[in-house]
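Worksheet: the structure to be examined is printed underneath.
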There are 2 protein chains.
Amino acid sequence: MNQPGESLRDRKKRRTRAALERATVRLAAERGYDHVTVEEIAAEADVSVRTFFNYFASKDEALIGADPEAGPRIAERILAFPPEVSPFDAYRRSVLAEITDELDNARDLWLLRKEVLMQRPDLLVRAFANSAESEQLLANAVGQRAGLPESHVYPRLLVAAGSAAFRCAVTRWALDDSVALGDLVGEALGLFGTGLAHVPHHHEGGS
Amino acid sequence: MNQPGESLRDRKKRRTRAALERATVRLAAERGYDHVTVEEIAAEADVSVRTFFNYFASKDEALIGADPEAGPRIAERILAFPPEVSPFDAYRRSVLAEITDELDNARDLWLLRKEVLMQRPDLLVRAFANSAESEQLLANAVGQRAGLPESHVYPRLLVAAGSAAFRCAVTRWALDDSVALGDLVGEALGLFGTGLAHVPHHHEGGS
DNA sequence: GATCGTTTTGCAGTCACTGCAACTTTGCAG
DNA sequence: CTGCAAAGTTGCAGTGACTGCAAAACGATC
């Protein structure tokens, strides 16, 4: 009874993890991030505090719902593009695909997260602090496609640019979510692609 | 006895702040960041723990030595450039000037910080989390020069790129400090300026 | 040297987070 | 179904970052 890669155990784990993530986001959106204790979150998800910390290394992580498989997934996508796609495009399209998928699966959570991140923008930055490992993975994938040595700046810089683009996009999206988050990230990455040396032309509509 | 803008009180405050910063960096480099308690830091600087927190909001902040005047200083520099200098160049040159100054004043501290950041790269990311206010300041300055409305992405994106460039540069500098940190930041910002869409040519020497 | 504003300090308290050692649940085999 | 091993959960005791508050020490001013 363990063939489909999803045993009872695994299912329970997924449910618990999801419950903790939801509880964190919901309560934080409701009362403000630092007026919610881990104790309350654990109670809401019907597990002990200790169990909370078995799933997430910190309250921050639970709020963002850091998915340890996201990094590998994106890296895989990057490498899967045919060789005629440039490293930059492979990276951009892989990131956008991940974001689109994520929003399709958990749009409601992101709408709540938005509320929290509007109050505490620093949490978004902190969220990226714990993902150094994933960043390394992505940088390696980009470097491999670009045929660059480990030590070259380009892959690292591109990945860092991705984080920056995501940060900016979420900030804008929080102010006005009439545009899809994915489009905002795409726009930001587009600007990084063509270069910031010149101020982009200023359109009337929108920002 | 209070004309030269530096009273006894002010001098003591500066000394205490510097002592706490030095103690934090020194001890963290010596034993590892999380094997040093605030209690020990405070003892080393000959003040109470409570006083530590009067100067720095967190241990992280003390390690980086977050200077609340750095943001305003850079913003001022940006606005001081003659109008024929592009917003991008004004930003880049202002940031580089600040870094150069900082290294001239506290190179020894940065050499120790380097050791700590090599062990815990996340601290560098976290350091930027608390500087949202300064980022806003810089973005406004850039926006003003570029004649863009408050809501435009460009200034925000440029400032975010600056953080990313700094992060990458410090990481590389930590691995090999034979190149000046300022030059590495300059290089990274240069790439952001010309755009990341195409992989830069790979030189043999260096990275 | 009395007074006023600022800084330092101690103290009590809250909360995130950890290691450890029991305890419960699940998966599997006999 | 039973017993066993592995995986997951829990409570507990402890550490350490950080906060608010009120008292004490200190520096500037007259």
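A, B, ... follow the sequence lines: proteins, then strands. Residue 1 opens every chain.
Because its NZ or CZ atom is both nearer than 6.0 Å to the ring centre of B/Trp110 and within 45° of the ring axis, B/Arg113 counts as a cation-pi partner of that residue. A cation-pi arrangement, defined by a distance under 6.0 Å to the six-membered ring centre and an angle within 45 degrees of its axis, is absent between B/Arg145 and B/Phe88.
Within residues 27-56 of chain B, the residues that have a heavy atom under 4.0 Å from DNA chain C are, in order of number, B/Val47, B/Ser48, B/Arg50, B/Thr51, B/Asn54, B/Tyr55.
Between B/Arg9 atom CZ and C/dT7 atom C1' the separation is 7 Å, expressed in whole Å. Straight-line distance from the CZ atom of A/Arg126 to the P atom of D/dA17: 14 Å, rounded to whole Å. Per the geometry, CG belonging to B/Leu8 stands 12 Å off P belonging to C/dT8, to the nearest Å. Residue B/Glu61 contributes atom CD, which lies 15 Å from atom C1' of D/dT19 at whole-angstrom precision. Regarding A/Lys59, its NZ atom lies at a distance of 5 Å from the P atom of C/dA16, rounded to whole Å. Look at NZ on A/Lys13: it is 18 Å from P on C/dT25, rounded to the nearest Å.
Partners of B/Phe53 by side-chain contact (heavy atoms from CB on, under 4.5 Å), not counting sequence neighbours, listed by chain and number: B/Val38, B/Val49, B/Arg50.
Side chain of B/Tyr91 to main chain of B/Ser86: no donor-acceptor pair is present (N/O by atom type, distance under 3.5 Å, no hydrogens or angles). Within the 3.5 Å criterion, the main-chain N or O of A/Asp60 finds a donor-acceptor partner in the side chain of A/Tyr33.
At a threshold of 4.5 Å between non-hydrogen side-chain atoms, the residues A/Pro72 and A/Leu137 count as touching.
The partner of C/dG30 is D/dC1, by the rule that a Watson-Crick or G-U pair needs both atom distances under 3.5 Å.
A/Lys12 has no side-chain polar atom (N or O) that falls below the 4.0 Å cut-off from OP1 or OP2 of D/dG8.
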